[in-house]
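For reference, the structure discussed in these notes is given below.
Note that these values count all heavy atoms, side chains included, but never hydrogens, waters or copies made by symmetry. Below, chain A is the first sequence line, B the second, and so on; all start at residue 1. The structure presented is a predicted model; accordingly, all values stated were derived computationally and were not measured.
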Amino acid sequence: MNVFSNFQSIVKKEIEGMMDAAVLPAGLELDAIAAAPPREAGHGDIAINAAMVLAKQAKMPPRKIADALAERLRRDADVAAVEVAGPGFVNVALRDGFWHARLAEILATGTAYGASTIGAGARINVEFVSANPTGPLHVGHGRGAVFGDALARLLEKAGYQVTREYYINDAGGQIDALVRSLHFRYREACGEKPGIMPEGLYPGDYLFAVAEAFKVRDGTKWLNLPEATWFAPVRDFAIEQMMAMIRTDLDRLGIQFDVFFSERSLHAAGRVEAALTRLEQAGVIYTGVLEPPKGMVPEDWEPRPQTLFRATQFGDDVDRPLKKSDGSWTYFAADIAYHFDKIERGFPTLIDVWGADHGGYVKRVQAAIAALAGDKAELDVKICNMVRVLDQGVPVKMSKRSGEFVTLADVVDAVGKDVVRFIMLTRRNDAMLDFDLTKVLEQSRENPVFYVQYAHARARSVARRVAAEHPDFELAAPAWGQAPLARLGHAGELQLIKRLAHFPETVEAAARAHEPHRIAFYLYDLAGDFHSHWNLGNDDPALRFIVPGNRDLTFARLALVQGIATVIAAGLAVMGVAPVEEMR
RNA sequence: GCGCCCGUAGCUCAGUCGGAUAGAGCACCAGAUUCCUAAUCUGGGGGUCGUGGGUUCAAAUCCCGCCGGGCGCACCA
């Protein structure tokens, strides 16, 4: 249960009742009414802003509305106390029994707890990574990969039907460079001495093995032939191998895609022409000459007529070219076709996850979607900012030119999949992220992965201990439904349950905002509450989870610990991280 | 020059649909260990929320102008 949206509807019903009873004038707009957790603990469990929101509309003083609402809410069986405070807040405190029922709900639901129906089964397409198949994934790709997958999991948890998609940029000049690079290495593998690799090709080590594999498959048959002869077979082999490599890297992060969509297939099937015909019919394509960007004229600028998309009509800054001077389509033209394809496949919501260097590309794609689909489809572009790789606080040098850079696989090797996934979600997607290879393995509160995992391990250690020392609890298969939860009356215990009960609300808000990092911060807070409460047992043995000689109390506290482990595991699952049973 | 993102404690960052006295970690200072993991916890000092206006009962949050930083800027992908 989302405690707050649940109570919000209770409040709205009461307001409607007040309108029916003519306590309030009829026809008030209720949308802005919110039931939210108050910042101050002293303000109860739920703060309601209804009186302030309605005061102007109803032409009544807020305190008067608040008093009347408070009076009605006091009749609710779950409500312990209602106070009117400040400018007209209605602060509600709920009975302990309500919170005990939330814990019972968690225990009955297991790690499915927090699942929501706000998505209502709507289809949503999340496109992420989409790295050019010209080399191994680097750490920046890893951030997009983790972000996209966690967002997909989050949306699934919130009731959406998600398609994970990877757009393969297997057409264009960068692929040509890859093909020539591979053929160069292939000649070397066959014993030729082609000399120094020409400018603009990919010098990285990873092509040696691919060239070797190509030689094993085809022998020397592609030597001493014109490029036109060997280009297609080398290209197909190269792309296949690069994608296999990329898929392996992603697999090691626990990421799988539903759809790999080839850019070349769009061209081959005439989909680019089809999409542009659509735009032509809409009258948003014309031939014109662009002005050079102000204050920054490119060296080789020359005014020339181009085929342009009238992007300015849909909020972009300038109109965008669709054809290169050699007559072939621009990348943007193909991308229009790709998004048109997604729209035609029936997704009302599209999400693209891009790197920071593509920020300037957002408006034109959104403009294209507006032109193609009107309001039938919307695109949210999530920009993942750069990752700085550090080692003990010192930046690790990366140079794409020399082919030396920290690959995603290197980092996964060094710190493990779960650490990579967690750390990538400890910042908002649009903030820069420092990834310190040493610090992420440290065992301290500074390191959120450790801190959260430690909380889970502690919870599990209590269970193990009880199983060993109190076999009468039958903890191999405890009947949590029998736990006497009413024994949980300590403020710290109730605080923990309240934190657990915030999880569904956190999932929904994160899903709505497309912000999976909120789950990581929530788990960090929950872990903090747990560690804090745990240590109260140092000073006061009566507060420990295991109370010798008090079976009921121990059983109830054990249920709380189980609830904590369950919610941590549920949150980690959204992040794609496995909870640990014990620390090593 | 234009567009997008960002600016919150000394540092790194949270801050929900606009909500009450703006939070956490690190660092600094002072404490807790016959105890289920002290790998942790408790307390303290530390803020013109870059800046100036505006909207609102209410602004870190929304709008506009400046200042500072990042990314990008026709025929690359």
Side-chain angles (χ1 to χ4, degrees), chain A residues 4 31-34 36-40 43 47 49 51-53 55-56 62 85-89 91 130 132 134 169 171-175 263 289-298 300-304 306 308 316-328 330-332 334-335 355-363 383 385-386 426-428 430-432 434 442-448 450-451 454-455 457-459 461-466 469 505-506 508-510 512-513 515 517-518 521 524-525 528 531-539 541 544-546 561 582-583:
Chain A
F4 301 99
D31 276 359
I33 292 176
R39 198 151 42 194
E40 294 279 322
H43 292 151
N49 65 356
M52 279 100 71
V53 170
K56 195 172 217 175
F89 286 102
N91 294 328
S130 298
N132 293 338
T134 55
N169 299 134
Q174 295 186 16
I175 290 296
E263 180 187 354
V289 180
L290 288 177
E291 296 287 320
K294 284 183 181 125
M296 191 217 125
V297 182
D300 56 344
W301 176 270
E302 55 178 74
R304 91 173 133 274
Q306 288 174 296
L308 299 169
D316 200 0
D317 310 308
V318 291
D319 292 337
R320 302 292 178 176
L322 300 169
K323 269 187 185 174
K324 302 181 198 171
S325 47
D326 67 0
S328 64
T330 59
Y331 179 80
F332 179 50
D335 218 13
D357 53 344
H358 288 66
Y361 194 71
V362 174
K363 279 192 191 174
I383 296 294
N385 215 321
M386 294 183 293
T426 53
R427 288 285 179 273
R428 294 173 52 94
D430 51 10
M432 287 206 269
D434 281 351
E442 275 173 13
Q443 302 192 328
S444 73
R445 178 161 195 168
E446 277 185 81
N447 179 359
F450 164 76
Y451 192 70
Y454 183 33
R458 269 188 156 171
S461 92
V462 179
R464 280 194 301 274
R465 188 148 191 127
V466 170
E469 296 176 8
E505 199 255 346
T506 303
E508 289 185 2
R512 261 192 268 269
E515 291 183 353
H517 75 276
R518 295 189 193 194
F521 283 93
Y524 186 74
D525 290 342
H531 288 309
S532 179
H533 187 70
W534 176 291
N535 274 61
L536 292 181
N538 288 338
D539 294 332
R544 293 177 191 173
F545 293 101
I546 300 169
V561 170
E582 55 185 324
M583 305 307 293

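No contact: A/Val318 has no heavy atom under 4.0 Å from any strand.
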Protein-nucleotides 40-47 of chain B N/O pairs under 3.5 Å:
| unit_1 | atom_1 | unit_2 | atom_2 | d |
| --- | --- | --- | --- | --- |
| B/rU40 | OP1 | A/Arg445 | N | 2.8 |
| B/rU40 | O2' | A/Arg458 | NH1 | 3.3 |
| B/rU40 | O2' | A/Asn535 | OD1 | 2.8 |
| B/rU40 | O2 | A/Asn535 | ND2 | 2.8 |
| B/rC41 | OP1 | A/Arg445 | NH1 | 2.9 |
| B/rC41 | OP1 | A/Tyr451 | OH | 2.3 |
| B/rC41 | O4' | A/Asn535 | ND2 | 3.2 |
| B/rC41 | O3' | A/Ser532 | OG | 3.4 |
| B/rU42 | OP1 | A/Ser532 | OG | 2.8 |

Distances for protein N/O vs nucleotides 13-17 of chain B N/O pairs under 3.5 angstrom?
| unit_1 | atom_1 | unit_2 | atom_2 | d |
| --- | --- | --- | --- | --- |
| B/rC13 | O5' | A/Arg427 | NE | 3.3 |
| B/rA14 | OP1 | A/Arg428 | N | 3.1 |
| B/rG15 | OP1 | A/His517 | NE2 | 3.2 |
| B/rU16 | O4' | A/Arg518 | NH1 | 3.4 |
| B/rU16 | O2 | A/Glu505 | OE2 | 3.1 |
| B/rC17 | N4 | A/Gln8 | OE1 | 3.4 |

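For the C1' atoms, the distance from B/rA58 to B/rG50 is 23 Å, rounded to whole Å. Look at the C1' atom in both B/rC29 and B/rA20: the space between them is 32 Å, to the nearest Å. Separation of the C1' atoms belonging to B/rU55 and B/rG72 is 33 Å when rounded to the nearest angstrom. To the nearest whole angstrom, the two C1' atoms, one in B/rC17 and one in B/rA60, are 16 Å apart. Nucleotides B/rU51 and B/rC57 have their C1' atoms positioned 26 Å apart, rounded to a whole Å. To the nearest whole angstrom, the two C1' atoms, one in B/rU61 and one in B/rG15, are 9 Å apart. Here the separation of B/rG10 from B/rG47, taken at their P atoms, is 7 Å to the nearest Å. If you take atom C1' in B/rU40 and the same atom in B/rC36, they sit 13 Å apart, rounded to whole Å.
The side chain of A/Phe89 sits closest to B/rG19 out of B/rC36, B/rA74, B/rG19. Nearest to the side-chain atoms of A/Met386 among the listed nucleotides B/rG70, B/rA20, B/rC76 stands B/rG70.
When all heavy atoms are compared, the tightest approach of A/Ile383 to A/Ala356 is CG2-CA, 3.6 Å. Nearest approach of A/Trp534 to A/Ser461, heavy atoms of both residues: CH2-OG, 4.2 Å.
With respect to A/Lys324 and A/Asp326, no salt bridge is recorded, no charged nitrogen being found less than 4.0 Å from a carboxylate O.
No donor-acceptor distance shorter than 3.5 angstrom exists from the side chain of A/His517 to the backbone of A/Ala510, with no hydrogens or angles considered.
For A/Phe332 and B/rC76, the CZ to C1' distance is 15 Å, given to the nearest whole Å. The distance between atom CG of A/Asn385 and atom P of B/rU12, rounded to the nearest whole Å, is 15 Å.
By the 5.5 Å and 30° criteria, A/His358 is not stacked with the base of B/rG72.
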request  = Determine, stepwise, if the pair A/Asp31 / A/Val53 fulfils side chain to side chain contact (heavy atoms under 4.5 Å, CB included).
outcome  = CA-CA 9 Å; A/Asp31 276 359; A/Val53 170; over 6 Å; no
Side chain to side chain contact (heavy atoms under 4.5 Å, CB included), that's the test. Do A/Lys323 and A/Ser328 meet it? Break it down for me.
CA-CA 6 Å; A/Lys323 269 187 185 174; A/Ser328 64; over 6 Å; no
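With RNA chain B read from its 5' end, the first of the two nearest nucleotides for A/Asp317 and A/Gly86 is the one closest to A/Asp317.
A donor-acceptor contact under 3.5 Å is formed by the side chain of A/Asp300 with the base of B/rC75.
Looking only at atom types and distance, the side chain of A/His531 has a donor-acceptor partner in the side chain of A/Arg458 under 3.5 Å away. In the model, A/Asn447 has no side-chain atom that pairs as donor or acceptor with a side-chain atom of A/Glu442 under 3.5 Å. The closest side-chain donor-acceptor pair between A/Thr134 and A/Asn132, if any, does not fall under 3.5 angstrom.
Taking only side-chain nitrogens and oxygens, A/Lys56 comes nearer than 4.0 Å to OP1 or OP2 of B/rC57. Listed pair A/Lys363 / B/rC5 fails the phosphate criterion, with no side-chain N or O lying under 4.0 Å from OP1 or OP2.
Pairing analysis of RNA chain B (Watson-Crick: purine N1 to pyrimidine N3 plus N6-O4 or O6-N4; G-U wobble: N1-O2 and O6-N3; both under 3.5 Å) yields stems of 3 or more pairs at B:1-7 with B:67-73, B:10-13 with B:23-26, B:28-32 with B:40-44, B:50-54 with B:62-66.
If you take CZ on A/Arg445 and OH on A/Tyr451, they are separated by 3.0 Å, rounding to the nearest 0.5 Å.
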